Amino acid sequence: MALLTICDQNRTLSDKREIREYLSKFGIDYECWPTTERVAPGAPPQEILEAYATEIEKLKAAGGYVTADVIDVTPDTPGLAEMLANFDKEHWHDEDEVRFIISGRGLFHIHSHSDGVVAIEVTAGDLIRVPRGTYHWFNLCDEHRIRAIRLFQEKSGWTPHYTETYVDRDYLPVCFGAPPQG
Ligand SMILES: [Fe+2]
């Protein structure tokens with residue numbers, strides 16, 4: 001379950017309804033999907049995609065996404081540091097960033113116009129859709145572990161455009177929730 005921190009107000013939300021309402025102000029969708037009761041988190045990617053086919057098709061129809069895949073990141077992923085360095089600086093994309101977390105966790109920072117920087121820690125069961133053009137950056141939590149479904153409008157569009165404001169340096173990428181078990 002996600003934790004949302006409005007950094008400049010030192011305020012944290014943990015109730016999923018409050019998180020959903022708060023994020024909707026910025027056009028960000030947040031949903032909670034079933035987890036282990038639907039499919040084993042370690043199942044092969046195709047099984048994962050089939051298990052969430054209904055939700056994925058609904059998102060595709062609503063957002064124009066054409067493909068979905070499963071990304072798996074562990075501390076042993078080759079080139080992990082370089083991969084993470086692409087996304088831990090403030091950037092935006094030409095298409096939405098849509099992630100459903102199957103296991104592990106990570107931390108999105110969203111730079112909103114009205115409320116400053118908002119940190120959202122996402123864990124298993126969290127679906128987040130960050131609209132195109134939203135300033136944000138992403139870090140993994142200390143375990144360096146995340147498995148997630150990604151949806152794309154077109155793969156070529158999902159390239160980071162860096163703002164080069166370096167605002168990300170003012171916020172420690174600290175996760176607050178308990179590390180997931182297993
Ligand atoms: Fe991004």
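The structure displayed is predicted, hence computed values, not measured ones.
Here the straight-line distance linking atom CH2 of Trp137 with atom CD of Glu90 works out to 5.5 Å at 0.5 Å rounding. Between the CD1 atom of Ile56 and the CG atom of Leu151 there is a distance of 6.0 Å, given to the nearest 0.5 Å. Taking SG of Cys175 as the start and CG of Leu140 as the end, the distance is 8.5 Å to the nearest 0.5 Å. Expressed to the nearest 0.5 Å, how far NE2 of His144 lies from CG of Asn139 amounts to 8.5 Å. Taken from CZ in Arg20 to CD1 in Ile28, the straight-line distance is 14.0 Å, to the nearest 0.5 Å.
No side-chain heavy atom of Glu97 sits less than 4.5 Å from a side-chain heavy atom of Pro160. Contact of the Asp8 side chain with the Asp115 side chain is not registered, since no non-hydrogen atoms from C-beta on lie closer than 4.5 Å. Proximity of Val73 to Met83: side-chain heavy atoms (C-beta onward) are separated by under 4.5 Å at one or more points. Using a 4.5 Å heavy-atom threshold, the side chains of Arg147 and Pro45 count as touching.
In this structure, Cys7 and His109 approach most closely via the heavy-atom pair SG-CD2, 4.4 Å. Minimum interatomic distance between Val66 and Gln153 (heavy atoms only, all atoms of both residues): CG2-O, 3.0 Å. Contact detail for Ala43 and Val39: the closest heavy-atom pair is CB-CG2, 3.8 Å. Nearest heavy atom pair, residue Asp72 against residue Thr77, reads O-OG1, 4.0 Å. Summarising the geometry of Trp92 relative to Thr134, their closest heavy-atom pair is CB-O, 3.5 Å, with the distance given to 0.1 Å.
Applying the salt bridge (charged side-chain N to carboxylate O under 4.0 Å, His left out) test to Lys16 and every residue at least two apart in sequence or in another chain returns nothing. The side-chain hydrogen bond (donor to acceptor under 3.5 Å, both in side chains) test applied to Ser14 returns no partner, not counting sequence neighbours. Residues meeting the side-chain hydrogen bond (donor to acceptor under 3.5 Å, both in side chains) test with His91, sequence neighbours left out: His93, His136. The side-chain hydrogen bond (donor to acceptor under 3.5 Å, both in side chains) test applied to Arg99 returns no partner, not counting sequence neighbours.
Among the candidates Ile19, Thr5, Leu3, Leu23, the single residue satisfying the side chain to side chain contact (heavy atoms under 4.5 Å, CB included) test with Leu13 is Ile19.
Within the 3.5 Å criterion, the main-chain N or O of Glu154 finds a donor-acceptor partner in the side chain of Glu95. A donor-acceptor contact shorter than 3.5 Å is absent between the side chain of Lys25 and the backbone of Glu21. Formation of a donor-acceptor pair under 3.5 Å by the Glu50 side chain with backbone atoms of Ile48 is not found in this model. No donor-acceptor pair under 3.5 Å is formed between the side chain of Thr36 and the backbone N or O of Ala40.
No chain of hydrophobic side-chain contacts below 4.5 Å, direct or via other Ile, Leu, Val, Met, Phe, Trp or Tyr residues, connects Ile71 to Ile102. Phe26 and Val98 are assigned to two separate hydrophobic clusters, defined by single-linkage of ILVMFWY side chains at heavy-atom distances under 4.5 Å. Cluster membership for Ile149 and Phe108, using ILVMFWY side-chain heavy atoms within less than 4.5 angstrom, is not shared. Phe138 and Val167 fall into different hydrophobic clusters, where Ile, Leu, Val, Met, Phe, Trp and Tyr side chains are chained together by heavy-atom contacts under 4.5 Å. In this structure, Leu107 is not a member of the same hydrophobic cluster as Tyr135, with clusters built from ILVMFWY side-chain heavy atoms closer than 4.5 Å.
Sequence neighbours left out, the pairs with a member in residues 34-75 that pass ring-ring contact (aromatic ring centres under 6.0 Å, His included) are Trp33-Tyr52, Tyr52-Phe100.
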Distance-only donor-acceptor pairs under 3.5 Å for side chains of residues 118-132, two or more places apart:
| residue | atom | partner | partner atom | Å |
| --- | --- | --- | --- | --- |
| Glu121 | OE1 | Phe176 | N | 2.5 |
| Glu121 | OE1 | Gly177 | N | 3.3 |
| Glu121 | OE2 | Arg105 | NH1 | 2.8 |
| Glu121 | OE2 | Gly177 | N | 3.1 |
| Thr123 | OG1 | Met1 | N | 2.6 |
| Thr123 | OG1 | Met1 | O | 3.4 |
| Asp126 | OD1 | Ala2 | N | 3.4 |
| Asp126 | OD1 | Tyr30 | OH | 2.6 |
| Asp126 | OD2 | Ala2 | N | 3.1 |
| Asp126 | OD2 | Thr123 | N | 2.7 |
| Arg129 | NE | Asp29 | OD2 | 2.7 |
| Arg129 | NH1 | Asp96 | OD2 | 3.0 |
| Arg129 | NH2 | Gly27 | O | 3.1 |
| Arg129 | NH2 | Asp29 | OD2 | 3.4 |

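In Asp142, the CG atom is not crowded: 12 or fewer heavy atoms of neighbouring residues, nucleotides or ligands sit closer than 6.0 Å. No more than 12 heavy-atom neighbours from other residues, nucleotides or ligands sit within 6.0 angstrom of CG on Asn10.
No side-chain donor from either of Asp15 and Tyr22 sits under 3.5 Å from a side-chain acceptor of the other. When only modelled atom types and interatomic distance are considered, Asp168 and His111 share no side-chain donor-acceptor pair under 3.5 Å.
In this structure, Lys58 does not pair ionically with Glu31, as no charged nitrogen and carboxylate oxygen lie closer than 4.0 Å.
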